[in-house]
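Residue numbering restarts at 1 for every chain, and letters A, B, ... go by the order of the sequence lines.
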Protein chains: 2
Amino acid sequence: MTITRAERRLRSERRILDAARALFADRGFERTTIRAVAAAAGVDPALVMQYFGSKQELFSRAVQAVPTKEGEPGEARDLAGRMLETLGMKLGGLSPASLAMLRSMLTHPEAADAARTALGGQIDRVGAELPGDDARLRAALATSVLLGVTVGHQLLGLDPLRDAPREEIDRLLRPALLALLGERE
Amino acid sequence: MTITRAERRLRSERRILDAARALFADRGFERTTIRAVAAAAGVDPALVMQYFGSKQELFSRAVQAVPTKEGEPGEARDLAGRMLETLGMKLGGLSPASLAMLRSMLTHPEAADAARTALGGQIDRVGAELPGDDARLRAALATSVLLGVTVGHQLLGLDPLRDAPREEIDRLLRPALLALLGERE
DNA sequence: CAAATCGCTCAACGATTGTTGAGTGTACGG
DNA sequence: CCGTACACTCAACAATCGTTGAGCGATTTG
């Protein structure tokens with residue numbers, strides 16, 4: 001029942017990271033102040049600096065995705081289904097870390113780099129499974145399509161998307177994705 | 001050859017607006033400082049305030065789209081073609097005003113409102129031309145699809161999209177759009 | 001031609017921000 | 001049980017930001 005010192009530290013660090021993720025996710029990098037993160041974590045602003053060194057470093061740490069365990073429940077077999085899962089169009093939605101990155105990707109250079117890297121990885125992975133010499137372009141378009149729906153749904157909150165059940169979105173999106181990926185499968 | 005006083009004022013106002021649009025478009029609202037806008041326009045920061053009242057008001061004015069003349073050259077007849085044109089996937093790309101709005105839409109509340117309004121209008125317009133009771137959802141998805149490609153292409157600069165000629169993107173995107181809009185036409 | 005008007009600049013204020021260094025109290029190791 | 005180490009706070013600094021009010025000089029007006 002006694003809480004060791006190292007444990008206290010880890011606990012504080014996690015509370016700060018959680019608060020930072022939440023704030024970064026719904027206000028973006030610039031509008032999120034270290035003081036606000038500290039307040040939300042019930043901690044002094046100086047402690048945040050002491051643990052993470054700078055606001056930028058805090059952001060980087062907050063955005064680092066918790067390693068997704070391979071072979072999750074819904075595990076889809078076809079490429080389109082896997083893509084729909086990856087970008088959170090199914091199941092419970094995106095992680096706070098991903099949302100934080102997406103929220104700032106248009107206005108914060110480091111977030112843009114992270115987004116380019118993440119999306120680039122997805123593009124390469126999908127492109128490798130497609131035939132033809134426009135495979136990469138098709139993959140990039142398919143990834144951008146899901147990015148757009150995610151942005152419209154999770155970040156902008158477009159009414160028709162917010163109101164629609166996720167399976168309905170999935171159902172309408174799948175044929176479009178298949179058309180993009182080359183009509184095969 | 002003499003420049004009247006009113007003319008000088010209009011000229012300065014336009015230079016400020018142009019500079020503001022350019023800076024808002026590539027750094028977003030928060031990272032764009034009034035001092036930077038003034039410097040780019042060759043003017044004192046106080047003048048910007050005097051003309052526009054506040055940074056927010058400057059942003060609103062800078063984002064106001066120049067009224068698009070109806071019936072432009074490329075004038076496409078089918079719905080998919082018109083959508084592709086509207087979101088700048090064809091021709092010369094988006095206006096600086098639109099880019100400025102899109103750049104800030106995830107992090108600046110007023111820009112988000114503007115984006116929701118603009119995209120909502122497009123959704124209504126497209127949805128009105130579709131049959132079925134999921135018309136609005138289909139329209140919202142189609143609009144989000146183009147939003148995603150625009151974001152990936154113009155704002156994030158994803159390599160495969162940057163390198164591809166616009167007609168190629170158009171060619172690959174059209175079947176996907178048609179699949180989303182209901183397979184008709 | 002005198003006076004009012006107007007485009008425009010200068011200098012500064014107040015608030016907020018990220019960041020820092022000194023200090024405090026308590027768990028820890030010997 | 002004592003001294004060290006460490007989690008944590010307090011107070012402040014320096015820079016930057018949006019914003020303001022006074023003032024200058026040229027142009028317009030009567």
Looking only at heavy atoms, the pair that brings V126(B) and M83(B) closest together is CG2-SD, 3.8 Å
When rounded to whole Å, the CD1 to C1' distance for the pair I16(A) and dC8(D) reads 10 Å
Please write out each protein N/O paired with an N/O of nucleotides 9-15 of chain C under 3.5 Å, distance rounded to 0.1 Å.
{"residue": "dT9(C)", "atom": "OP2", "partner": "D44(B)", "partner atom": "N", "Å": "2.9"}

Rounded to the nearest 0.5 angstrom, the CE-OG distance for M105(B) and S98(B) is 11.5 Å
Sugar-phosphate, base or nothing in reach of F52(A), heavy atoms under 4.0 Å: nothing
N or O in side chain of T4(A) less than 4.0 angstrom from dC28(C) OP1/OP2: yes
If the cut-off is 4.0 Å, is S54(B) near the phosphate of dG18(D), judged by side-chain N/O to OP1 or OP2? no
All side chain to side chain contact (heavy atoms under 4.5 Å, CB included) counterparts of A111(B), not counting sequence neighbours: F59(B), S104(B), H108(B)
Write down the distance between CZ (R8(B)) and P (dG7(C)), rounded to a whole number of angstrom. 10 Å
Hey, is the side chain of T33(A) poking within less than 4.0 Å of OP1 or OP2 on dT16(C), counting only N and O atoms? no
Shortest non-hydrogen contact between L172(B) and P175(B), atoms and distance: O-CD, 3.3 Å
Heavy atoms under 4.0 Å, any strand shown: does R5(A) hit a base, just sugar-phosphate, or nothing? base
